[in-house]
There are 2 protein chains.
Amino acid sequence: MSSYHRKIPLKEDCPMEVTLNVLSGKWKPAIISSLFRGTKRPRDFSVELPEATRRVLSQQLRELEEDGIIAKKVFEVVPPKVEYFLTDLGRTLAPVISALSSWGEAYDKSRQAS
Amino acid sequence: MSSYHRKIPLKEDCPMEVTLNVLSGKWKPAIISSLFRGTKRPRDFSVELPEATRRVLSQQLRELEEDGIIAKKVFEVVPPKVEYFLTDLGRTLAPVISALSSWGEAYDKSRQAS
DNA sequence: CGGAATCCTACCTGATACTG
DNA sequence: CAGTATCAGGTAGGATTCCG
């Protein structure tokens, strides 16, 4: 199951929407969580998330980069080598991720109970 | 602009995804925020969110209801009267919304600076 | 190995009209 | 007033292929 989160025009500047838009992407939460555990190369994501295609991973990595959440270091070698890592701004997402995870856990338990 | 957040299978139980899936819907954040400010009738949402169609509002209200976040009280009168409100579970979203909002505000400022 | 271009599918959302 | 049914459109994500 998955959720669609349609990015809305943000006419009325809703801070909550801003954050959700940054996090909204099928693999973005997984990417961010992974980077909190250390620097990763594109190949590492493919291994960690075997169901994600390279195309979508590249796309979401680029979007996160455009949003200033992550950055990459490109090594000018052959074959190519690239490393992705969280920016300072990206690391400020820690409490957000914590809140989302905590609530999700509690929600799962409350659903089991009922 | 808006973002799609495709609801994913959640094979590996990722609590973060659980929460995002509950919040993912074009008008769900607005609906929840609104209900934190008090009980609302369907008509109120249409006034507060003039861009949202009744069809989508009804649908998202129903989904939030199915997820246990909100509930409604139906008055058996003519014309019909319905009131939506947050459940106890729904109110536990407060810290999540707070985290999302706070980060969004800080993000906006950091983007203005650059 | 990393990334981009192309084509395609799935599904969320919008518009409209109708029922109780 | 509240909710649903039907049809149509837009966009995120998937599959494949090619280039540096």
Side-chain angles (χ1 to χ4, degrees), chain A residues 1-11 17 20-31 35 39-67 70-85, chain B residues 1-11 17 20-31 35 39-67 70-85:
Chain A
M1 70 88 156
S2 55
S3 82
Y4 257 143
H5 178 69
R6 189 187 180 79
K7 292 189 180 172
I8 60 180
L10 295 184
K11 305 177 180 181
E17 289 290 349
L20 287 173
N21 281 337
V22 169
L23 297 178
S24 288
K26 186 166 179 179
W27 306 102
K28 288 183 186 178
I31 289 172
L35 287 181
T39 295
K40 294 283 162 58
R41 295 181 63 178
R43 185 68 180 164
D44 298 327
F45 291 119
S46 292
V47 173
E48 273 190 66
L49 310 170
E51 292 174 289
T53 63
R54 280 176 310 193
R55 179 200 175 287
V56 177
L57 281 177
S58 280
Q59 181 180 308
Q60 309 223 333
L61 285 167
R62 186 173 357 106
E63 289 176 4
L64 287 171
E65 196 181 349
E66 289 168 354
D67 286 338
I70 69 176
K72 67 182 171 187
K73 179 176 172 66
V74 180
F75 297 84
E76 298 294 345
V77 297
V78 181
K81 179 180 176 183
V82 177
E83 283 184 353
Y84 284 94
F85 55 90
Chain B
M1 70 81 162
S2 71
S3 85
Y4 254 143
H5 181 68
R6 189 188 181 80
K7 293 189 178 173
I8 59 180
L10 293 185
K11 305 176 180 180
E17 289 290 348
L20 287 173
N21 281 337
V22 168
L23 297 178
S24 289
K26 187 165 178 179
W27 306 102
K28 288 182 184 178
I31 290 172
L35 288 180
T39 295
K40 294 282 162 57
R41 294 181 62 178
R43 184 67 179 164
D44 298 326
F45 291 119
S46 294
V47 173
E48 273 190 64
L49 310 169
E51 294 175 287
T53 63
R54 280 174 310 190
R55 180 199 174 287
V56 176
L57 280 177
S58 279
Q59 181 179 308
Q60 308 223 334
L61 285 167
R62 186 173 357 105
E63 289 177 4
L64 286 172
E65 198 182 346
E66 290 169 354
D67 286 339
I70 69 176
K72 67 182 173 186
K73 179 175 172 67
V74 180
F75 297 85
E76 298 294 343
V77 297
V78 181
K81 179 180 176 182
V82 176
E83 282 183 354
Y84 284 94
F85 54 91

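Each chain gets a letter, A, B and so on, in the order the sequences are listed, and its residues count up from 1.
In this structure, B/Lys26 places its NZ atom 15 Å from C1' of C/dC11, rounding to the nearest Å. With rounding to whole Å, B/Leu61 atom CG is found 14 Å from D/dT4 atom C1'. Atom C1' of nucleotide C/dG3 and atom CD of A/Glu66 are separated by 14 Å, given to the nearest angstrom. Put simply, CD1 on B/Ile31 is 14 Å from C1' on D/dA2, counting in whole angstrom units. Between B/Trp27 atom CH2 and C/dG14 atom P there is a gap of 6 Å when expressed in whole angstrom units. Between B/Leu57 atom CG and D/dC1 atom C1' there is a gap of 14 Å when expressed in whole angstrom units. Nucleotide D/dG3 holds its P atom 14 Å from the CD atom of B/Gln60, rounded to whole Å. As rounded to whole Å, 14 Å separates atom C1' of C/dC1 from atom CZ of A/Phe75.
OP1 or OP2 of C/dA4 has not a single side-chain nitrogen or oxygen of A/Gln59 nearer than 4.0 Å. Phosphate contact (OP1/OP2 of C/dG3, side-chain N/O of A/Lys72, threshold under 4.0 Å): present.
Scanning for side-chain contact (heavy atoms from CB on, under 4.5 Å) contacts around B/Ala52 gives B/Trp27, B/Leu49, B/Leu57, with sequence neighbours left out. Under the side-chain contact (heavy atoms from CB on, under 4.5 Å) criterion, A/Gln59 pairs with A/Arg55, A/Arg62, A/Glu63, not counting sequence neighbours. A/Phe75 is linked by a side-chain contact (heavy atoms from CB on, under 4.5 Å) to A/Lys73, A/Val77, A/Lys81, A/Glu83, counting only residues two or more places apart in sequence or in another chain. Every residue was checked against the side-chain contact (heavy atoms from CB on, under 4.5 Å) condition with B/Val47, not counting sequence neighbours, and none meets it.
B/Leu35 is listed as a side-chain neighbour of B/Lys40, based on a closest heavy-atom distance under 4.5 Å. For the pair B/Val56 and B/Lys26, the minimum side-chain heavy-atom distance is 4.5 Å or more. Looking only at side-chain heavy atoms (C-beta outward), A/Arg54 and A/Pro42 stay at 4.5 Å or farther from each other.
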Tell me, for nucleotides 15-20 of chain D in 5' to 3' order, what letter each nucleotide earns: B for a base near a protein heavy atom under 4.0 Å, S for only sugar-phosphate near one, - for neither?
-> B-B--B
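Here the side chain of B/Ser58 is nearest to one of D/dT4, C/dC1, C/dG14, namely D/dT4.
Heavy atoms of A/Phe45 sit nowhere under 4.0 angstrom from any nucleic acid atom.
If A/Pro42 and B/Ala52 are placed on DNA chain C by their nearest nucleotide, the residue sitting closer to the 5' end is A/Pro42.
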